[in-house]
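Down below is the structure, laid out as structure tokens.
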Protein chains: 2
Amino acid sequence: MSTALDMTFAALADGTRRAILTMLLEDDMAVTDVAEPFDMSLAAISKHLGILTRAGLISQEKRGRVKWCKLEPQAMREAIVWIESFGQLEALNFDAFEQFLSKELGG
Amino acid sequence: MSTALDMTFAALADGTRRAILTMLLEDDMAVTDVAEPFDMSLAAISKHLGILTRAGLISQEKRGRVKWCKLEPQAMREAIVWIESFGQLEALNFDAFEQFLSKELGG
DNA sequence: CCGATCGTCAACCGAATGGTTGAATATGCT
DNA sequence: AGCATATTCAACCATTCGGTTGACGATCGG
């Protein structure tokens, strides 16, 4: 079983993909434009975008020939809740922590 | 090149390893005790602990026969800074964001 | 010293990852 | 229609990953 959290963290565990997300912070971009700064084939970037899409971190919408990539920051919320519970326990509300614990240990 | 951030996120991209970290929230544990709840060989758990150690998320100290595993939540700070910049931009101080951007785009 | 316990190492396996290239598909332009 | 652009698909390759098993080294207890 590969959970949503698995896919999110796996997607983030690659510098190319993190750089893509960072680029998308500024604006939506076409696949070709995303690929431009990288020393890598378009097909490789297309795969990376697929991984980011499956992880829910971006969405892709095709308009005409062009497929636009859009950041979906909401998808990181689950990961944020998880990761923050370790470094910033004090800043976390207790309900979320309980839920996270029971889910992680019980599932 | 595999950065610290790569290793951190990769380490977190596995349910078994996240469960181990969760267990270690409660207390330090010996390798054997970490392995006990999992339906998996001790060697497999030992590998997982090695990955977590190399990522800096835990430390291991051998006392006698027993190797104690200790959570190192501080190692997640870099990951937290990175990930929060997407979901909670408004909560981020600007200096950290600038640093993160120049590091990620410039490196 | 002996036997049990703790943990890692080495070799192996199948599946997934990150990349390539070349062909295919879909759309737009003239 | 015909060519160029945008993107994906399919096949392939080397490497890594997550697991196994069996042997091994280190340490404790009697």
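Just so you know, these numbers come straight off a predicted model, no measurement behind them. A, B, ... follow the sequence lines: proteins, then strands. Residue 1 opens every chain.
Taking atom CD1 of residue B:Ile58 and atom C1' of nucleotide C:dG7, one finds them 13 Å apart after rounding to whole Å. Computed from coordinates, the B:Ile51 CD1 to C:dC9 P distance equals 13 Å when rounded to whole Å. One atom, CE of A:Met7, and another, C1' of C:dT17, lie 16 Å apart when rounded to the nearest Å. Put simply, NZ on B:Lys47 is 13 Å from P on C:dC12, counting in whole angstrom units. Regarding B:Met29, its CE atom lies at a distance of 15 Å from the C1' atom of C:dG7, rounded to whole Å. Per the geometry, CD belonging to B:Glu61 stands 14 Å off P belonging to C:dT8, to the nearest Å. In this structure, A:Leu42 atom CG and C:dG18 atom P are separated by 17 Å, rounded to whole Å. Atom CG of B:Asp6 is separated from atom P of C:dT17 by 15 Å (rounded to the nearest Å).
A side-chain donor-acceptor contact under 3.5 Å links A:Thr8 to the backbone of A:Ala4.
Nearest approach of B:Ala55 to B:Ala11, heavy atoms of both residues: CB-CB, 3.9 Å. When all heavy atoms of B:Gly15 and A:Asp6 are compared, the pair lying nearest together is N-OD1, 3.6 Å.
Among the nucleotides C:dG19, C:dG28, C:dC6, the one closest to the side chain of B:Arg65 is C:dC6.
Residue B:Met29 is tested with B:Ile58, B:Val66, B:Val34, B:Ile20 for a side chain to side chain contact (heavy atoms under 4.5 Å, CB included); the sole match is B:Val34.
Within the 4.5 Å cutoff, no side-chain heavy atoms of A:Asp28 are placed close to those of A:Leu71. The side-chain heavy atoms of B:Glu61 and B:Cys69, taken from C-beta on, include no pair separated by under 4.5 Å.
Among the atoms of the strands shown, only primed sugar atoms or phosphate atoms (P, OP1, OP2) are found under 4.0 Å from some heavy atom of A:Arg17.
In this structure, A:Lys62 does not reach the C:dA26 phosphate: none of its side-chain N or O atoms is under 4.0 Å from OP1 or OP2. Between A:Ser41 and the phosphate of C:dT20, there is a side-chain N or O to OP1/OP2 separation shorter than 4.0 Å.
Closest-nucleotide positions on DNA chain D for A:Trp68 and B:Ala43 were compared, and the one nearer the 5' end corresponds to A:Trp68. Residue order along DNA chain C, read from the 5' end via each residue's closest nucleotide, puts A:Asp39 first among A:Arg63 and A:Asp39.
When DNA chain D is scanned in the 5' to 3' direction for atoms under 4.0 Å from non-hydrogen atoms of chain A, the outermost contacting nucleotides are D:dA4 to D:dA11.
The existence of a salt bridge linking B:Glu72 and B:Lys70 is excluded, since no basic side-chain nitrogen approaches an acidic carboxylate oxygen closer than 4.0 Å.
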